[in-house]
Protein chains: 2
Amino acid sequence: MSTAADTRKLTPRGRDRRQSLLDFAIRRFAENGYHPTSVADIVDGVGVGKGVFYWYFPSKDDLLREILRDSIYDLRKTQQAAIDGVDGPLAKLEAGVRASMAWSMTHPDILRLVAFAWTEQTFAEALRKGDQILLADTARHIKAAIAEGDIAPGDPELLAIAVNGVTRQLSSPETGTVSGDGTVTIDEAQIQERIELGVRVVLHGIRG
Amino acid sequence: MSTAADTRKLTPRGRDRRQSLLDFAIRRFAENGYHPTSVADIVDGVGVGKGVFYWYFPSKDDLLREILRDSIYDLRKTQQAAIDGVDGPLAKLEAGVRASMAWSMTHPDILRLVAFAWTEQTFAEALRKGDQILLADTARHIKAAIAEGDIAPGDPELLAIAVNGVTRQLSSPETGTVSGDGTVTIDEAQIQERIELGVRVVLHGIRG
DNA sequence: GCAGTTCTTGACCGGACGGTCAAGAACTCA
DNA sequence: TGAGTTCTTGACCGTCCGGTCAAGAACTGC
């Protein structure tokens, strides 16, 4: 009763329903665009009444924000796990690049949503903080590598942005191969190839 | 009468009006988002009646498509002019990187629109072709550099994507410094610094 | 000054959208 | 079984949006 939709206590059944709405929304947003996808589209796709959506989410905007928040958190967690236990700044950097590329290429829908979110202030704010953290992480390793004399001096912040560019673009769903039905995909072999090339370009690129 | 709005013969006054609508729309789309910006917003901003918009443009969609088409053409023209007369694949590559970064950083609004356009099929199609051309250009120079033994072998297509990533990210308005009023900007000194770093990272990156 | 064209106005239209809500179905637990 | 809670329904609401159009103003060339 008047409990906020985002604080609600859910039964297992409720959690399932919520998750299927989330999953369907992510797919639709990614393939159709956020604005062109209406709440009615989502509930119709899942096969429920409109009220169900507002039982589980406060608004359409909040749904997207939640997707972004969760995704950033998941990416960061994955990256941290990959870096943990690796020694040396360059090795950490490489592990981070591998992890973020692998994650990105297995979450193409999310990447599309993030790309959209950057184009509207309301959502971009939700990304800025997480982006800063990931960038600062990379910059820290670069700075350490410079301090240890592993690579030539240079602005670590800007180098981190460049590194980010390489991994982002190589992982971007838009640069995959276009299938007959118009869908753009990157298969498993391509994923490995791209990761290896990404690592190579990044390590040589910052070495200048 | 009943001439299509995009084939219309315009007087100088008409061309001015059209241009101010275009300019205002670009700025609004970039800062506010495409969908959240209504045609009413645009005509109100320019201070004219709604019908004026549809006298000069067939639809809101067409307006964006025209902006994208013109921008891609302008970028490509600029890049070509910069590369022309430069000798050697690596020098051509460098000239291309410099030109595209300089262009991108002086057209931040356009970059935002392009980023948005990639997230919706209808508009993404308008970009795909131009993107392929720019990418193929870069790939050609890389291939030539490999052939001449200037850089180590590697898939030119993927290397071109990586190069693209470096230049795109370093030129991205989102990676600028946030001013007090929330606007993100990159000043002239930063532009030069970023271009130099971009060139350095690209040339070393593909050298691997 | 007149005819023809270019341009401008803003009320208006049909429809879609995000979000609400009263009503009730389906579970849970004592 | 029955009271309480979680979940579901879909008609409904106010608003806004892209786009139209009849009317007329402002130019242009003669």
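In this text the structure is predicted, and so the values were computed from the model without any measurement. Order of the sequence lines fixes the chain letters, A, B, ..., with proteins taken first and strands second; residue numbering starts at 1 for each chain.
Of the two residues near DNA chain D, A:G14 and B:S59, the one whose nearest nucleotide lies more 5' is A:G14. Comparing A:P12 and A:A40 by the nucleotide of DNA chain C that holds the closest heavy atom to each, the one mapping nearer the 5' end is A:A40.
The residue from A:D74, A:L75, A:I26 that alone fulfils the side-chain contact (heavy atoms from CB on, under 4.5 Å) condition with A:H107 is A:D74. Considering A:F29, A:F116, A:F123 in turn, A:F116 is the only one that fulfils the ring-ring contact (aromatic ring centres under 6.0 Å, His included) rule with A:H35.
The pair A:E196-A:R200 fails the salt-bridge criterion, with no side-chain N (NZ, NE, NH1 or NH2) lying under 4.0 Å from an Asp/Glu carboxylate O. The residues A:R140 and A:E157 are annotated as not salt-bridged, no charged nitrogen and carboxylate oxygen being separated by less than 4.0 angstrom. Using a 4.0 Å cut-off between charged side-chain N and carboxylate O, B:D131 and B:R128 make no salt bridge. One finds no salt bridge joining B:E31 and B:R112 here, because no Lys/Arg side-chain nitrogen approaches an Asp/Glu carboxylate oxygen to under 4.0 Å.
In terms of phosphate contacts, A:T11 brings no side-chain nitrogen or oxygen within less than 4.0 Å of OP1 or OP2 of C:dC27. Between B:Y54 and the phosphate of D:dC21, there is no side-chain N or O to OP1/OP2 separation shorter than 4.0 Å. Proximity of B:R13 to the phosphate of C:dT8: a side-chain N or O atom is located under 4.0 Å from OP1 or OP2. The shortest distance between the side-chain N/O atoms of B:W55 and the OP1/OP2 oxygens of C:dC7 is below 4.0 Å.
Annotation: proximity of residues 19-39 of chain B to DNA chain D (heavy atom, distance under 4.0 Å) is found for B:T37, B:S38, B:V39, numbered in ascending order.
With a 4.5 Å cut-off on side-chain heavy atoms, B:L170 and B:L197 count as touching.
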Within the sub-3.5 Å range, which N or O atoms of nucleotides 9-15 of chain C have a protein N or O partner, and how far apart are they?
unit_1 : atom_1 : unit_2 : atom_2 : d
C:dT9  : OP2    : B:G49  : N      : 2.5
C:dG10 : N7     : B:K50  : N      : 3.3
C:dG10 : O6     : B:G51  : N      : 3.0

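The cationic group of B:K60 does not satisfy the cation-pi geometry with B:F53, failing either the under 6.0 Å distance to the six-membered ring centre or the 45° limit from the ring axis.
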